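This report concerns only the one structure given below.
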Amino acid sequence: KRVAILISGRGSNMSALIEAAKNADYPAEIVAVIANKPDAGGLETARTQGIPAFAIPHRNFASKREHEKAVSETLQAVKADIVCLAGYMRIISPEFVSEWEGKMLNIHPSLLPLFKGLHTHEQVLEAGMRVHGCTVHFVTAGTDEGPIIAQTAVPVESGDTTDTLAERVLSVEHETYVRALALVASGKAVMKDGRTVFKY
Ligand code: GRF
């Protein structure tokens, strides 16, 4: 399956997916990286890995839909089958979501449905949770609400700060995204009637 990755920043999840896809029997190939920020560090990383990398700054467009149309054109040009949002800090319009329903994934740094939105590590510490983690899910119109594909939990250690927690979660995000994309690209996990169906 041909996969395009959308980023806004350093792209550490992107890098993990690029690494995994180097393995001949990984069921996905990374065909493009698109960033909505021209200075996204991940663009340079992708280029050094020989992956076509496109900066499509949202600020160059009059509206969200105009920007999304430009992104869609690039996705069509590279013949992407699957889109992975990885640290992509834009809300996707319902129109764009429906264009890619069942073929767009996102990673969120919490055990959804707990702690949607931003600053999840603060929310977790505030709630006194003893476990935390990350979730890869199919993207649907609601933010951080789509059917779950894969999750990994990590312990909250005493004395954890948002930084130590973010670091522990990020380290399991990479393996979780690699696993989730493989499930979707190989057809082992599909989105059906708003749920994830596992076929194995
Ligand atoms: C990560 O915490 C991820 O969960 C969130 O964006 C952050 C940055 O990810 N979606 P990356 O290093 O840019 O992949």
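This chain uses plain numbering: 1 for the first residue, then up along the sequence. No hydrogens, no waters, no symmetry mates; every other heavy atom, side chains included, goes into these values. All ligand and atom numbering here is 1-based and tracks the order in the structure. All values derive from a computational prediction rather than experimental measurement.
- Between the side chain of H108 and the backbone N or O of E145, no donor-acceptor pair lies under 3.5 Å.
- Atom 13 (O) of ligand 1 has as its closest protein heavy atom G11 N, 3.1 Å.
- Nearest protein neighbour of atom 5 (C) of ligand 1, counting heavy atoms only, is G87 CA, 4.0 Å.
- H121 and H132 are linked by a side-chain donor-acceptor pair at a separation below 3.5 angstrom, with hydrogens and angles left out of the test.
- Of all atoms in ligand 1, numbered sequentially from 1 with element shown, those under 4.0 Å from a heavy atom of P109 are 4 (O).
- Side-chain polar atoms of S15 and T45 form no donor-acceptor pair below 3.5 angstrom.
- Shortest contact from atom 9 (O) of ligand 1 to any protein heavy atom: N13 ND2, 3.6 Å.
- Of the protein's non-hydrogen atoms, the one nearest atom 4 (O) of ligand 1 is E173 OE1, 2.8 Å.
- The main-chain N or O of V178 is found under 3.5 Å from a side-chain atom of Y26 such that the two form a donor-acceptor pair.
- Ligand 1 is approached by I107 to a heavy-atom distance shorter than 4.0 Å.
- Of the heavy atoms in M89, none comes closer than 4.0 Å to ligand 1.
- Among protein heavy atoms, the minimum distance from atom 8 (C) of ligand 1 is reached at R10 NH2, 3.2 Å.
- In this structure, the protein non-hydrogen atom closest to atom 11 (P) of ligand 1 is S12 N, 3.4 Å.
- Checked by atom type and distance alone, the side chain of R2 pairs as donor or acceptor with a backbone atom of K79 at under 3.5 Å.
- At distances below 3.5 Å, not a single donor-acceptor pair connects side-chain atoms of T164 with backbone N or O atoms of D160.
- E175 and T152 share no donor-acceptor pair across their side chains, judged by distance under 3.5 Å alone.
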